[in-house]
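Structure record follows, encoded as structure tokens.
Keep in mind the model is a prediction, meaning the values are calculated, not measured.
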Amino acid sequence: MKLYLWLLKFSVFVAAVAAKKDVRRKLTAQLNPGCPENICDDAGNLTNVVHVTSLGASDAIHYIWDLTGKPSALVALCGPDTKLNINWEGFFDGKANTVMFSDAPRYTFGVVLNRLWEYNDEEDVGTFTVTNSSQINAFSLHEFAWERKSFLATEDSVELSVKSRGLHGLPGNFELSLATFATPDHGPMTPHLMHTENSTQIDLVLDTVQTNDSFPQPRFAIEVVLVAMEPKKDNYTVVVKKSLDDEFTPGIFKIVNVASPASVNASSGGYLQYRPVSYTDEDRDVSTSTQTYQSSPATPNNAIKKLNNTVFRSIFGDSVETMLVQSLNVSFGTSGDGFYTKYNYTTWTFVVGYGAPLPDKLSL
């Protein structure tokens, strides 16, 4: 019996390794691809556009991470021979059709981090439901200057990390980290989200941010804009699932999926996935965790305005008006946690990808 169980476990292990090998993609990455020296050298490490090609057997996933305008991450399914070209002068001027694929993408999806909300949670409810405009400050992330901390690229993973000192009226330390991987696995950073070989993981940190003196109970929320190459009449679907256990994210038994119609119905669209947890310290564990809350996706009145100064406008121009564009807010903190000022630190980690989000599963 013991020998049988050992053989069974070994066969499962071999099958898992083989499955992981089968879906491996080959990654190649460029920082500021083709950017002239007089443009990118003048901007130093403030110019942060990363292009990743993730080559599969019969197609390629292209990722574009753009930190020059509103922080944006685009995922595009293309043919295996598709190339990318950027007209850098026009790109920095915000002109349309300045980021071009040699062949039209079969599908694109992505997100924009549009605005950071600072609000006074007078009722200590945690959710961003404040309606009094005097209790809310809005800051466009387009105004943040992101300085590059690191850029690492191999055939197995690509990672970019940037930081900002914030703005007048909102000084502090803000960090963004973006990563993509060649194979499905749990991310190395807590909350160890499950990524596929077709996704980007993004991590946001707000550290020692100086809040408004007139807000005694301050919290933060972020506005996320979702963009999919699907009919604008449709809607994103939000599903909160209970996970099998909390092995990878102690104390958190839920996972949130925000999926486009094609992702829900055909596993060929785009999705955003995260665990509803934020951490109040660099040491991310149960004792430093708090919750996040999300609003329902809503269609903006003017999609073009929302997507100005993003890679989506640079690629699609005014045709973004025909795409499925909706926005939602994610707030950080929960009732009784002492608000942002108790710890002066908060995080949010999420995954953006093509296809359907992988269900979490027990490790071997």
Subject >> Pair R219 + D337, salt bridge at N-O below 4.0 Å >> reply: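 Salt bridge present between R219 and D337.
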
Subject >> Short N-O contact, D207 and K163, less than 4.0 angstrom >> reply: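 So D207 does not pair with K163 through a salt bridge.
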
Original post:
Is the Y293 to F128 ring centre distance short of 6.0 Å?
Top reply: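 Between F128 and Y293, which both carry aromatic rings, the centre distance is not below 6.0 Å.
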
Original post:
F215 and Y119: aromatic ring centres closer than 6.0 Å?
Top reply: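 F215 vs Y119: aromatic centres not under 6.0 Å.
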
Do the side-chain N and O atoms of [X] and [Y] include a donor-acceptor pair separated by under 3.5 angstrom?
X    : Y    : value
D66  : T68  : yes
N235 : Q326 : yes
Y63  : T53  : no
Y340 : Q217 : no

Original post:
Is the W88 ring parallel, tilted or perpendicular to the F91 ring (thresholds 30°, 60°)?
Top reply: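 Because their plane-to-plane angle is over 60°, the rings of W88 and F91 count as perpendicular.
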
Subject >> Aromatic plane relationship, H62 with H51 - under 30° parallel, 30 to 60° tilted, over 60° perpendicular >> reply: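 Parallel, since the angle between the ring planes stays under 30°.
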
Subject >> Criterion side-chain hydrogen bond (donor to acceptor under 3.5 Å, both in side chains) on N114 and K70, from CA distance to verdict >> reply: CA-CA 6 Å; N114 190 39; K70 299 172 183 176; 3.0 Å; yes

Anything under 3.5 Å between a donor and an acceptor, one on a side chain of residues 94-103, the other on a protein residue two or more places apart or in another chain? List them.
unit_1 : atom_1 : unit_2 : atom_2 : d
N97    : ND2    : I315   : O      : 3.4
T98    : OG1    : K95    : O      : 3.0
S102   : OG     : K83    : N      : 2.8

Original post:
Looking at residues at least two apart in the chain, or sitting in another chain, which of them share a salt bridge (Lys or Arg N to Asp or Glu O under 4.0 Å) with D234?
Top reply: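 In terms of salt bridge (Lys or Arg N to Asp or Glu O under 4.0 Å), with neighbours along the sequence ignored, D234 is linked to no residue.
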
